[in-house]
2 protein chains.
Amino acid sequence: MLQQRSKDTKETIRLNALRLFAKSGYSAVSMRDIANAVGIQPGAIYNHFPSKQDILVDLMMTHMVDLLAAANDAMEGVEGTRNRLVAFARFHISYQLDFPDHVFIAYMELRSLEETGRQDVYVKRDEYEAILREVLEQGVKEGTFKVANAAVQTRALLAMMTGITVWFREDGELNRDQVIDCYVQAVLQSVGIQE
Amino acid sequence: MLQQRSKDTKETIRLNALRLFAKSGYSAVSMRDIANAVGIQPGAIYNHFPSKQDILVDLMMTHMVDLLAAANDAMEGVEGTRNRLVAFARFHISYQLDFPDHVFIAYMELRSLEETGRQDVYVKRDEYEAILREVLEQGVKEGTFKVANAAVQTRALLAMMTGITVWFREDGELNRDQVIDCYVQAVLQSVGIQE
DNA sequence: GCTTATTACGAATGGGCGTTCATTTATTGA
DNA sequence: TCAATAAATGAACGCCCATTCGTAATAAGC
């Protein structure tokens with residue numbers, strides 16, 4: 001039997017675990033499933049991750065850190081609350097569409113995390129939510145936006161935009177940019193801005 | 001050992017399975033977990049349901065049927081697109097808050113359903129989405145609403161409103177009615193209506 | 001009160017689970 | 001070149017899984 005010997009086995013494990021977790025859910029995926037997908041024996045995974053739980057924590061934390069960095073990047077230098085809202089919306093939706101699996105497990109598998117990892121993820125998520133919330137608060141303060149409660153609206157908008165991955169298909173009736181435009185318009189109007 | 005003998009064991013199984021599935025996910029919950037919660041032996045469940053999968057199908061289909069009936073009820077006799085939109089929004093959000101576990105598993109455990117049950121649920125879900133979509137289409141036709149694409153906006157709004165259960169707590173900063181008002185305003189504004 | 005249908009128990013089935021480990025093989029650095 | 005390290009195998013561990021089944025206890029109909 002030929003042995004696959006490569007430096008990036010760890011990365012391959014990550015990729016396959018992510019895909020499988022996203023498709024079937026953390027608890028429905030076994031270490032054997034992951035090992036099969038990678039093409040190694042189950043035991044070999046433990047050379048790279050101390051446990052199944054650690055794979056999930058790794059995936060979720062990596063995602064949150066990357067997401068935050070990318071978001072801050074996208075917002076940097078954008079001036080004006082309206083522009084900042086549009087920038088955030090476009091960034092968020094694009095990110096969902098680019099990394100649907102990451103987003104899905106970060107959202108869905110919080111309950112599969114043991115306490116330690118969960119708290120870390122919560123902190124990052126709050127940090128991410130704060131970016132949008134601050135834009136909304138600023139807009140309300142200036143009178144640009146009409147929003148009853150910025151914190152509530154933040155969660156409402158994030159849920160709205162995140163939901164896109166549930167139904168969007170690249171080969172569907174509308175293409176990516178058309179759908180993004182629809183959502184951006186909905187976001188803008190929802191804060192009381194008419195085009 | 002005392003034996004619990006009651007006609008509504010089946011209903012108790014349903015209740016506990018729902019609660020456990022919502023908390024931990026279908027595949028993370030074992031028949032032993034359910035039996036423990038009910039206070040019977042695992043084997044006894046099979047007097048009421050032919051399999052674990054059938055419990056899930058039962059829960060999801062019952063929910064979808066109830067949801068549809070309640071929605072049609074709530075919309076009956078409501079005239080005018082704006083009123084109908086508000087009625088639907090209020091109904092949908094209230095229903096989420098009243099039955100968060102039902103809603104959660106109907107949304108989350110579609111992937112745990114085998115093909116047969118899944119198709120049935122999809123049909124019901126489409127039927128439900130159609131109620132909102134038709135309101136939006138009507139509003140666009142009359143010029144009451146400003147919406148780029150009614151089908152997209154339907155999914156966007158449903159995702160937004162459904163997301164409320166993720167964070168809302170009855171003992172939180174805002175009470176139920178205040179939160180509903182926030183969401184209704186966001187919904188109305190998102191279709192281009194200013195209060 | 002007795003028969004019959006329900007519903008429960010409790011033990012067993014075969015199989016899959018996460019994880020461990022002794023061992024072998026490949027790669028790396030001096 | 002050769003020891004040291006890293007990464008794989010493959011078999012095993014004990015445990016839990018969904019489900020089955022013979023048997024016992026209960027409830028319902030006559």
Side-chain angles (χ1 to χ4, degrees), chain A residues 1-60 105 109 111-118, chain B residues 1-60 105 109 111-118:
Chain A
M1 183 69 64
L2 252 167
Q3 292 184 40
Q4 293 277 12
R5 202 58 70 114
S6 89
K7 276 185 186 170
D8 45 22
T9 300
K10 184 164 186 173
E11 191 56 26
T12 312
I13 293 172
R14 254 195 281 263
L15 253 56
N16 283 283
L18 174 68
R19 186 173 50 79
L20 292 170
F21 287 165
K23 190 177 55 160
S24 314
Y26 174 74
S27 28
V29 175
S30 70
M31 292 299 259
R32 282 167 181 80
D33 292 335
I34 300 171
N36 266 343
V38 175
I40 55 175
Q41 294 299 314
I45 295 177
Y46 291 83
N47 289 320
H48 305 280
F49 295 94
S51 73
K52 185 184 171 188
Q53 174 77 199
D54 280 272
I55 302 178
L56 182 61
V57 172
D58 180 294
L59 289 174
M60 292 185 66
I105 71 150
E109 298 297 354
R111 65 176 171 195
S112 303
L113 280 184
E114 284 153 22
E115 205 46 34
T116 329
R118 183 155 54 214
Chain B
M1 184 69 64
L2 254 168
Q3 291 184 39
Q4 292 277 13
R5 203 56 71 112
S6 89
K7 276 186 186 171
D8 44 23
T9 300
K10 183 164 185 172
E11 190 56 26
T12 311
I13 294 172
R14 253 194 282 262
L15 254 56
N16 283 282
L18 174 68
R19 186 174 49 80
L20 292 170
F21 288 165
K23 190 177 56 160
S24 313
Y26 175 74
S27 23
V29 175
S30 70
M31 293 298 258
R32 280 169 183 77
D33 292 334
I34 299 170
N36 267 344
V38 174
I40 56 175
Q41 295 299 314
I45 296 177
Y46 291 83
N47 290 320
H48 305 279
F49 294 93
S51 73
K52 186 184 172 188
Q53 175 75 199
D54 280 274
I55 301 178
L56 182 61
V57 173
D58 180 293
L59 289 174
M60 291 185 67
I105 70 150
E109 298 296 354
R111 65 177 172 195
S112 303
L113 281 184
E114 286 153 21
E115 203 46 34
T116 329
R118 183 155 53 214

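Sequence lines set the chain letters: A, B, ... in the order given, protein chains first and strands last, and positions in each chain run from 1.
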By side chain to side chain donor-acceptor pair (under 3.5 Å) - contacts of Asp54(A) (at least two apart)
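So Asp54(A) forms a side chain to side chain donor-acceptor pair (under 3.5 Å) with Ser51(A).
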Give a yes/no on whether any side-chain N or O of [X] is located under 4.0 angstrom from OP1 or OP2 of [N].
X        : N       : value
His48(B) : dA8(C)  : yes
Ser30(B) : dC17(D) : yes
Thr9(B)  : dT7(C)  : no

Write down the distance between [atom1] ([X]) and [atom2] ([N]), rounded to a whole number of angstrom.
X        : N       : atom1 : atom2 : answer
Ile34(A) : dC17(C) : CD1   : C1'   : 12 Å
Gln41(A) : dC21(C) : CD    : P     : 18 Å
Leu20(A) : dG18(C) : CG    : C1'   : 16 Å
Lys10(A) : dA7(D)  : NZ    : P     : 9 Å
Ile13(B) : dA8(C)  : CD1   : C1'   : 11 Å
Ile40(A) : dA7(D)  : CD1   : P     : 11 Å
Asp33(A) : dG16(C) : CG    : C1'   : 10 Å
Tyr26(A) : dC17(C) : OH    : P     : 13 Å

Do the non-hydrogen side-chain atoms of [X] and [Y] ever get within less than 4.5 Å of each other?
X         : Y         : answer
Ile55(B)  : Met31(B)  : yes
Val57(A)  : Thr116(A) : no
Asn47(A)  : Lys10(A)  : no
Arg111(A) : Tyr26(A)  : no

Euclidean distance, Ser27(A) OG relative to Glu109(A) CD, rounded to 0.5 Å:
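So the CD of Glu109(A) and the OG of Ser27(A) are separated by 6.5 Å.
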Using a distance-only criterion (donor-acceptor N/O pair, under 3.5 Å, no hydrogens), is the base of dA6(D) paired with the side chain of Asn47(A)?
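Answer no: no donor N or O sits under 3.5 Å from an acceptor.
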So among Leu18(B), Ile40(B), Ile45(B), which one has a side chain to side chain contact (heavy atoms under 4.5 Å, CB included) with Ile34(B)?
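Output: one option passes, namely Ile45(B).
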Are there any protein N/O atoms within less than 3.5 Å of an N/O atom in nucleotides 19-21 of chain D, and if so, which ones and at what distance?
residue, atom, partner, partner atom, Å
dT19(D), OP2, Tyr46(B), OH, 2.7
dT19(D), OP2, Lys52(B), N, 2.9
dT19(D), O5', Tyr46(B), OH, 3.1

